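A quick note: this is a predicted structure, and the numbers were derived from the prediction, not measured. All heavy atoms count here, side chains included; hydrogens, waters and symmetry mates do not. Heads up: numbering here begins at 1 and tracks the sequence.
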Amino acid sequence: MGHVLLDAETWKTPSDKIESLVTPIEWIPEVRFSVHNSQAVPGIQLADIAAHMRRSFIMDGDCKEGQSYLNELRL
């Protein structure tokens with residue numbers, strides 16, 4: 001089973017719609033969606049940064065912007 005964790009209530013309606021579309025399809029693995037506030041759940045913001053870096057690398061072959069942001073967050 002997969003679990004998709006989304007940030008902010010703005011994703012509640014879209015996630016409910018996607019979940020209702022994929023649930024009846026037997027050959028798709030079960031996926032559960034949940035919506036949380038990134039200020040209350042550690043890790044969501046880090047996942048956003050990682051997803052942005054991955055997309056930047058795929059689209060542009062570069063993720064320097066994300067790397068510099070991560071460098072700023074290091075303790």
Inset, instruction - Sequence neighbours left out, what passes side chain to side chain contact (heavy atoms under 4.5 Å, CB included) with Arg54? Give chain and number order. - result: Phe57, Ile58
Inset, instruction - May I ask whether Val41 and Val4 are part of the same hydrophobic cluster, defined by side-chain heavy atoms of I, L, V, M, F, W, Y residues being less than 4.5 angstrom apart, directly or through others? - result: no
Could you give the side-chain donor-acceptor pairs of residues 24-33 under 3.5 Å, partners two or more places apart or in another chain?
from: Arg32; atom 1: NH2; to: His3; atom 2: ND1; distance (Å): 3.3

Legend entry - Sequence neighbours excluded, every pair satisfying side-chain hydrogen bond (donor to acceptor under 3.5 Å, both in side chains) that has a member inside residues 9-22: Lys12-Asp16
